[in-house]
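Data block below; observations after.
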Number of protein chains: 2
Amino acid sequence: MPTIRDVAKEAGVSVATVSRVINSNGYVNEDTKKKVVKAIQLLNYKPNAVARSLFKKQSMTIGLIIPDITNPFFPQLARAVEDVTNDKGYTIILGNSDESSEKEKEYLDIFEQKYVDGIILATNTLTSEQIAALEKPVVAVDRPIDSGIPTVVAQHRDGAHVAVKHLVGIGCQTIAHIRGPEHVVSADERYKGYLDIVQNQQWYSEQLVVSGNYTIKDAYKASLNLIKERPDIDGIFAGNDLMAIGALKAARELKKKVPEELAIIGFDGIDMCETTYPELSTIVQPVYEIGVTAANMLIDLIENKRVNNQYFEYPVQLKVRNSTRGQTPKNCG
Amino acid sequence: MPTIRDVAKEAGVSVATVSRVINSNGYVNEDTKKKVVKAIQLLNYKPNAVARSLFKKQSMTIGLIIPDITNPFFPQLARAVEDVTNDKGYTIILGNSDESSEKEKEYLDIFEQKYVDGIILATNTLTSEQIAALEKPVVAVDRPIDSGIPTVVAQHRDGAHVAVKHLVGIGCQTIAHIRGPEHVVSADERYKGYLDIVQNQQWYSEQLVVSGNYTIKDAYKASLNLIKERPDIDGIFAGNDLMAIGALKAARELKKKVPEELAIIGFDGIDMCETTYPELSTIVQPVYEIGVTAANMLIDLIENKRVNNQYFEYPVQLKVRNSTRGQTPKNCG
DNA sequence: ATGAAAGCGCTAACAA
DNA sequence: TTGTTAGCGCTTTCAT
């Protein structure tokens, strides 16, 4: 790989001049500029990003930490982040944390050492002190960390209200909740939202809430028990779509008709909802938009632009499909 | 952030000595070592990876280019790559190419400029010359590029044989194929595998092959037409699972019973197969393993270890589910 | 308008 | 065993 010196020699100018033209920076005569450009093309010169980073203390890369790219919610988010940052010349380093604060810390260290310019974080385990110590822009997505940190999330709690009210609206009398992992903010919020609506109903009991760990499998098992123990349940609000799918599976196995005997609704709006049978009603989060907003905000922060609003809470949307309504002859979905 | 000089000063030694202890490199007295370690801890010093990269011409990062992380096949792959590389101290830069050679080239340039140590590529559009020009280890996954390039793939063609034979085996008389995009090697191979089995059958006609672009939507539309025009079709081999899901949808809409009147089988083995109704039979690729193997190979290449076998072709596995067999009373799936 | 040179933080000869 | 120093490739003052 040719260096800036090679280009300078080839063009018969100094490295400073070459630097000026590649950065469109400072005065440089039209003719010399042409010479330099020609030399650059001749040698197929590309500036060394590492050397540049060392000097500038920035790398044009942003770090993205998510729990697990394998969880269907996150690829969309990652894609959004990549799309907008890439557009502005940034490149992204991806880290799966598995919700482990160890791993997260490791990544943060690496990000620091690599002069990453900013970080997007979907996590709970980090404290705001740790984040402040980074001295870099950070935006939290999906799960708020601390009011001091720029954040983009969905209205988890409100979404839960909508979901549960929808179940009530279609006539459910006993509504259970399969909740996500403890201490995961989104799961807690959705659970609270459920409680807001049901806890004063006389049919409500703590027995109606089980844990599904945000996974199909755990939710499947939990649902099996739940439905057996409380055959009167006629509605389930699952904390995410994967768990709703697990519940669907359990219902099928126990010959509970969905939605006639048991209505099920999820949360997130992942693609799988449209491929289950019956198709799954859900509360759709604007994942891609969340990612876009977070990425844009981060870049503004990095580039020291004014960021008026540092907290975005996106409304969610009820999407009714067949898991919460009778089959209509045509136009299903 | 403290630098190596700060540590040296704090410990009362030279930067070289500090360098020696952080790299466990060269002789250093136990006592001085202790002093240095202490200073490092005191200052919470972390070596600057950028400066190090500049000198060493390597960055401990590897580039991963895939078509689209949003396609459910790739998160698994990405996860595998991340898991093994991260374990060895590497970090990954993710790029979505959307099958565009433009974008791919941009990423390669960036990778070059950032001293990325090696690259894993799932692509078709790049030529082996472009890759050779990189002068870095590259391994191709999912889609072979050129026999000169280290490669890890699944047995696409063989898998297609298995799929089609399975359909024949359960009694299908007229088997259609929904193929993936032209010029995408995996799609071409699977198509060829289909042809291998059926082209000498008297019922075979080119009409039985339609394009589904590896997406649910396109496959859904294509299937709608296909089934209407050729109601005699009783088996569909889809080039991937997403397209099989599209076909499933079309079948349901046209009131074709799956599998009784129409058996459907996909390819890949993505999670969604288990959440459709009926559950989808498929040819399972060992995606995660493919990623692991590719990543290990890449690292060996980077570290100049001997790599005996540079071409891995993973066998695939028929997974029979209800989309190609009658419902059995219990133990379905 | 252009060039010389210092320095970003680190590593590795080479000296001592 | 330890220190001095050149240099990785670039940017940016400061001269000219």
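The chains referred to below are lettered A, B, ... by the order of the sequence lines, with proteins before strands, and numbering in each begins at 1.
- The separation between A/I22 atom CD1 and D/dG9 atom P is 14 Å, rounded to whole Å.
- Side-chain atoms of A/S53 come within 3.5 Å of backbone N or O of A/Q58 as a donor-acceptor pair.
- An OP1 or OP2 oxygen of D/dT12 is reached within less than 4.0 angstrom by a side-chain nitrogen or oxygen of A/N25.
- A straight line from NZ of B/K56 to P of D/dA6 spans 22 Å, rounded to a whole angstrom.
- When each of B/K33 and B/L54 is assigned the nucleotide of DNA chain D with its nearest heavy atom, B/K33 is the one assigned upstream, toward the 5' end.
- Between B/T17 and D/dG3 there is a side-chain polar atom (N or O) within less than 4.0 angstrom of OP1 or OP2.
- In this structure, the side chains of A/V153 and A/V141 stay at 4.5 Å or more apart for every pair of heavy atoms.
- In terms of position along DNA chain D, the nucleotide closest to B/Y27 lies nearer the 5' end than the nucleotide closest to the other residue of the pair B/V15 and B/Y27.
- A salt bridge links B/D83 to B/R79: one of the charged nitrogens lies within less than 4.0 Å of a carboxylate oxygen.
- Of the candidate nucleotides D/dT2, C/dT2, D/dG9, D/dG9 has the atom lying nearest to any side-chain atom of A/T3.
- Between C/dT11 and B/N23, a contact under 4.0 Å exists linking OP1 or OP2 to a side-chain N or O.
- Remark: the backbone N or O of A/Y115 is paired with a side-chain donor or acceptor of A/S59 at under 3.5 angstrom.
- Distance, B/K35 NZ to D/dT1 P: 14 Å, rounded to whole Å.
- Following rounding to the nearest Å, B/K114 (NZ) and D/dC8 (C1') show an atom-to-atom distance of 18 Å.
- Under 4.0 angstrom from either OP1 or OP2 of C/dG3 there lies at least one side-chain N or O belonging to A/S14.
- Of all heavy-atom pairs spanning B/H156 and B/E189, the tightest one is CB-CB, 3.6 Å.
- Ion pairing of A/E99 with A/R143 is present here, as a side-chain N (NZ or NE/NH1/NH2) and a carboxylate O approach within less than 4.0 Å.
- A sub-4.0 Å separation between OP1 or OP2 of D/dT11 and a side-chain N or O of A/K57 is absent.
- We find that B/K136 and B/D117 are not joined by a salt bridge, their nearest charged nitrogen and carboxylate oxygen being 4.0 Å or further apart.
- Between the CD1 atom of B/I4 and the C1' atom of C/dG7 there is a distance of 16 Å, given to the nearest Å.
- Residue A/A16 places its side chain closer to C/dG3 than to any other of D/dT11, C/dG3, D/dG9.
- A/D146 places a side-chain N or O within 3.5 Å of a backbone atom of A/G148 that can act as its donor or acceptor partner.
- Taking the six-membered ring for Trp and thresholds of 30 and 60 degrees, B/Y107 and B/F111 have ring planes inclined between 30 and 60 degrees apart.
- Against DNA chain C, the stretch residues 38-53 of chain A makes no heavy-atom approach under 4.0 Å.
- Atom CG in B/N29 sits roughly 11 Å away from atom P in D/dG3 (whole-Å rounding).
- Rotation axes derived from the C1' atoms of the five outermost pairs at either end of the helix from C/dA1-D/dT16 to C/dA16-D/dT1 lie 50° apart, to the nearest 10°.
- When all heavy atoms are compared, the tightest approach of B/A187 to B/P181 is CB-O, 3.4 Å.
- Rounded to a whole Å, the CZ atom of B/F55 is 17 Å from the P atom of C/dC8.
- Between B/Y115 atom OH and D/dC8 atom P the separation is 10 Å, expressed in whole Å.
- Among the heavy atoms of the strands lying under 4.0 Å from A/S19 is at least one base atom, whether or not backbone atoms are also near.
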